[in-house]
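Working notes, structure below.
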Amino acid sequence: MTAAKEKQQQERNQEWRTELRKAVPNKDRLAIERVKMNEVEPHERNKSQNIEVNRGLTPEQAQREASRCMDCANPTCIEGCPVSIDIPRFIKYIERGQFLNAAATLKEFSALPAVCGRVCPQEKQCEIKCFYTQKMKKAPVAIGYLERFAADYERESGKIQIPDVAPGNGIKVAAIGSGPASLSFAGDMIKFGYEVTVFEALHEIGGVLKYGIPEFRLPNAIVDVELENLKNMGVRFEKNFVVGRTATFDDLKELGYECFFIGSGAGLPNFMNIPGENLNGVMSSNEYLTRVNLMAANQEDSDTPVLRGKKVAVIGGGNTAMDAVRTAIRLGAEKAMLIYRRSREEMPARVEEVKHAEEEGVEFHNLANPIEYLANAEGRVAKVRLQRMQLGEPDASGRRRPVPIEGAIDEMDIDIAIVAIGVSPNPLIPACLPGLKMTRWHTIEVNEETMQTSIPEFFAGGDIVRGGATVILAMGDGRRAAASMHKYLTDKHAGKENK
Amino acid sequence: MNKIVEKKQLSENVFKFVVEAPMIARSRKPGNFVILRVGSKGERIPLTIVNSDLEKGTITLIVQNVGLSSGKLCQLNQGEEITDLVGPLGKATHIHKVGTILALGGGVGIAPLYPIVEAFKKAGNRVITVLAARNRELLILEEEMRQWSDEVIVMTDDGSYGRKGLVTEGAEEVIKREKVDECVAIGPAIMMKFCALLTKKYNIPTQVSLNTIMVDGTGMCGACRVTVNGETKFTCVDGPEFNAHQIDFDEMLKRLQAYKREEDQARTGKK
Ligand SMILES: Cc1cc2nc3c(=O)[nH]c(=O)nc-3n(C[C@H](O)[C@H](O)[C@H](O)COP(=O)(O)OP(=O)(O)OC[C@H]3O[C@@H](n4cnc5c(N)ncnc54)[C@H](O)[C@@H]3O)c2cc1C
Ligand SMILES: Cc1cc2nc3c(=O)[nH]c(=O)nc-3n(C[C@H](O)[C@H](O)[C@H](O)COP(=O)(O)OP(=O)(O)OC[C@H]3O[C@@H](n4cnc5c(N)ncnc54)[C@H](O)[C@@H]3O)c2cc1C
Ligand code: SF4
Ligand code: SF4
Ligand code: FES
């Protein structure tokens with residue numbers, strides 16, 4: 001048995017857990033219906049970018065939902081979580097009413113539970129592995145909602161625990177980029193006693209959490225609390241600093257930085273390279289979302305403009321596409337259309353976002369692929385030509401491949417098109433490190449266990465290693481990189497002393 | 001941080017700022033630019049680094065007041081701070097010794113041309129500079145350009161100074177007069193388009209520095225895309241300098257108007 005499993009068992013065998021299990025018979029637990037998230041009504045929320053759709057659970061709702069969990073002897077849910085959170089432990093603390101202990105449990109595993117509780121694709125990770133889904137063919141325990149509840153409770157109680165920080169060891173390390181990968185890396189390294197600086201190119205800290213994911217799904221205030229905690233622990237943030245440009249790695253080494261964590265993300269937007277894509281009114285989802293989320297272009301007093309279309313087409317089926325199309329509705333679009341080349345079942349977006357988008361009035365145009373944009377007399381986009389598709393044989397990813405239906409081409413009137421077909425790794429850092437080993441997909445090659453790159457003092461994680469992935473995976477990478485960088489530096493410095 | 005240590009009015013609508021930015025001053029090369037923001041609700045706007053002073057740790061920016069954000073910058077005074085400033089961004093100009101360089105600058109484009117002229121001269125080239133402005137009052141940096149040019153020809157639209165005519169007319173005379181090995185042209189997009197047509201006729205390799213609309217300046221948004229040799233490029237990371245003969249200027253001219261309505265509304269306060 002691994003150490004983690006042993007710890008889980010020990011925790012599970014605690015008296016209070018055993019008693020709690022006995023307190024309610026499993027058949028009663030099974031009879032409880034899964035909690036419904038409290039939401040703001042679609043007609044209310046679709047007018048403002050700043051209304052968070054999910055309102056969270058009340059303590060009563062959370063405790064009731066927590067009591068559905070059967071505290072399984074073999075908790076398969078944990079296998080679904082990329083950072084192996086001890087899910088039954090935190091849930092049982094909620095059932096028992098010890099919400100702060102639940103939050104503390106989460107913090108053992110995750111640096112950003114309030115974020116992951118909101119944005120993890122739970123239905124594909126922890127919840128799909130829940131006993132309820134696997135064996136009972138019932139709705140799983142709402143692990144994500146409960147995670148969010150515990151983290152929110154802790155934050156709102158004003159009793160956020162600042163973890164203990166080891167005495168400073170005077171060793172300087174740097175994180176490049178300030179997305180979830182770097183933030184979790186920084187949190188762990190500061191605990192180990194390092195001097196940590198996070199460098200960010202933009203004028204805000206947080207990476208995609210700030211410039212990409214909109215306020216209605218993840219309020220900035222939630223991210224800011226986490227940033228404040230990191231600052232209080234001693235992490236330094238340098239914004240408006242492009243590593244490789246403002247200063248080179250050699251410059252940073254000269255300033256005393258010994259090791260680097262690269263968490264520069266996958267910020268490069270993909271386009272389809274079809275005719276008319278550079279017309280005015282056609283833009284990447286990154287541009288659209290950045291203007292609104294980072295630059296607050298939706299607000300009266302912001303200097304940054306954003307195009308407000310009446311007929312907005314968003315191309316893609318992932319979270320980014322969903323965020324863009326729902327933003328368009330909030331900016332006053334009369335028709336907000338999602339154009340996706342496969343069918344709804346294949347959409348990579350979180351199921352909850354697809355549901356919310358539909359409730360808010362998004363039109364789904366599935367099995368359609370843009371092949372050309374056409375302009376009006378002023379040279380602005382006015383129409384998109386769509387190739388209709390059907391599903392063929394499954395491809396390498398196991399999803400059925402969309403194939404064009406010959407001759408089935410039609411046109412749709414639009415005044416804005418937003419291209420959200422994925423991102424590529426940001427090439428800036430690799431370009432400054434000629435010796436760095438890269439993969440065919442232009443991601444950085446790392447040892448999967450240690451997250452160390454081909455250059456020993458460089459570690460990497462998050463989207464720059466995985467391509468467009470998820471917050472929780474980025475966060476897990478950051479933590480693993482911190483653990484192995486700590487080991488690397490400890491060995492290195494021990495070696496020095498022995499000499 | 002980013003304190004304005006000197007401000008000077010160069011012409012009716014053009015101001016020079018010397019700003020504290022020691023890291024950028026140290027790292028910047030000719031052709032690089034910065035992105036800055038004025039105020040907590042400010043827009044991110046790109047400006048070329050015209051000069052830097054390593055000892056003082058400052059960079060020089062020259063900005064023309066054309067709209068809301070450039071206007072906000074122009075209102076700042078010595079001693080005040082620029083909210084956010086990041087750089088140096090973009091690829092540096094490829095400076096080498098080729099022989100004779102023809103440098104063409106129009107309007108505020110003369111500012112970004114200045115460090116390039118200086119660098120080409122320092123690399124041992126003969127540099128002939130043609131500067132163009134609508135009238136005498138709008139001409140900037142003439143003295144500074146003379147310092148690094150073997151010859152400076154001034155053209156004004158109204159003939160109020162130098163010679164009457166467009167930058168291309170002055171350029172063509174030089175090309176007809178002597179062998180030009182390379183050309184650099186910076187100014188309004190329409191001027192660069194005509195300079196490119198001219199030098200193409202004479203087969204002179206030509207670089208232009210594009211002033212597309214930008215947001216992040218790090219390759220993340222694609223607002224700055226241009227078509228170069230049939231391929232989409234991002235001006236902020238693949239440029240801002242490109243081979244002039246390969247650029248789809250008509251597309252670029254249209255793209256500069258992408259937010260025209262919104263910009264006009266912003267200027268008149270009716271967002
Ligand atoms: C619109 C959108 C919605 C999403 N929704 C979800 C979701 O619901 N659930 C989910 O799990 N995932 C979602 N994702 C994916 C998730 O956000 C990413 O996987 C995650 O943020 C990656 O984290 P990261 O730390 O690797 O990098 P990022 O968050 O991408 O941050 C990288 C940062 O590095 C900075 N940087 C880059 N180069 C440099 C440099 N040279 N110097 C200094 N700084 C630099 C960048 O400016 C950026 O801020 C979404 C992504 C987008 C775009
Ligand atoms: C790499 C680069 C370097 C630049 N260097 C300089 C410089 O050294 N000095 C300088 O004065 N300007 C420079 N510019 C142009 C400067 O960024 C714009 O003038 C500024 O962003 C306009 O913003 P605004 O809000 O004041 O005007 P807006 O109100 O946004 O626009 C006013 C008018 O200017 C035009 N415009 C908008 N954006 C741009 C733009 N990016 N470039 C050109 N015209 C634009 C529009 O067509 C509009 O009609 C540079 C641009 C780039 C991309
Ligand atoms: S971090 Fe994500 S996957 Fe893990 S338990 Fe929480 S919601 Fe589930
Ligand atoms: S599998 Fe489901 S029921 Fe079992 S411990 Fe995990 S969350 Fe609870
Ligand atoms: S300005 Fe955003 S990619 Fe160039």
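In this text the structure is predicted, and so the values were computed from the model without any measurement. So that the names make sense, note that chain A is the first sequence line, chain B the second, and so on, each numbered from 1.
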Extract all donor-acceptor atom pairs below 3.5 Å that involve side chains of residues 16-26 of chain B and protein atoms in other chains or at least two apart in sequence.
none

Would the number of heavy atoms belonging to other residues, nucleotides or ligands and lying under 6.0 Å from [atom1] of [X] be above 12?
{"X": "B:K7", "atom1": "NZ", "result": "yes"}
{"X": "A:H442", "atom1": "NE2", "result": "no"}
{"X": "B:Q9", "atom1": "CD", "result": "yes"}
{"X": "A:K47", "atom1": "NZ", "result": "yes"}

Reported [atom1]-to-[atom2] distance for the pair [X] and [Y], which is rounded to 0.5 angstrom:
{"X": "A:R245", "Y": "B:R28", "atom1": "CZ", "atom2": "CZ", "value": "15.0 Å"}
{"X": "B:L89", "Y": "A:T246", "atom1": "CG", "atom2": "OG1", "value": "7.0 Å"}
{"X": "A:H203", "Y": "B:D216", "atom1": "NE2", "atom2": "CG", "value": "11.0 Å"}

Pick from B:E251, B:E43, B:K72, B:E231 with the largest number of heavy-atom pairs that fall under 4.5 Å of chain A: B:E43

For chain A, which of B:S27, B:A258, B:S40 has the most heavy-atom pairs under 4.5 Å? B:A258

Non-hydrogen atoms of chain A under 4.5 Å away: do they reach the side chain of B:I213, the backbone, both or neither? side chain

Please look at B:R44 and chain A and tell me whether the side chain, the backbone, both or neither of the residue comes under 4.5 angstrom of a heavy atom of that chain. both

Any side-chain heavy-atom pair from [X] and [Y] closer than 4.5 angstrom?
{"X": "B:L85", "Y": "A:N240", "answer": "no"}
{"X": "B:E262", "Y": "A:L307", "answer": "yes"}
{"X": "A:Y211", "Y": "B:C221", "answer": "no"}
{"X": "B:M220", "Y": "A:L268", "answer": "no"}

Answer yes when B:K41 and A:D301 have at least one side-chain N-carboxylate O distance shorter than 4.0 Å, and no when they do not. yes

Heaviest contributor of heavy-atom pairs below 4.5 Å to chain B, chosen from A:N278, A:T248, A:L202, is A:N278

Using a 4.5 angstrom heavy-atom cutoff, name the option from A:N273, A:N426, A:D251 with the most pairs to chain B. A:D251

Run the side-chain hydrogen bond (donor to acceptor under 3.5 Å, both in side chains) test against B:Q64 and tell me which residues pass, sequence neighbours left out. none

For B:T218 and A:L428, the nearest pair of non-hydrogen atoms, with its separation, is O-CD1, 4.0 Å

Smallest separation among heavy atoms of B:G42 and A:D303, with atom names: CA-OD2, 3.5 Å

So, using salt bridge (Lys or Arg N to Asp or Glu O under 4.0 Å) as the criterion, who are the partners of B:E118 when residues are at least two apart? B:K122

Residues in residues 279-291 of chain A near chain B [non-hydrogen atoms, under 4.5 Å]: A:L279, A:N280, A:V282, A:M283, A:S284, A:N286, A:E287, A:T290, A:R291

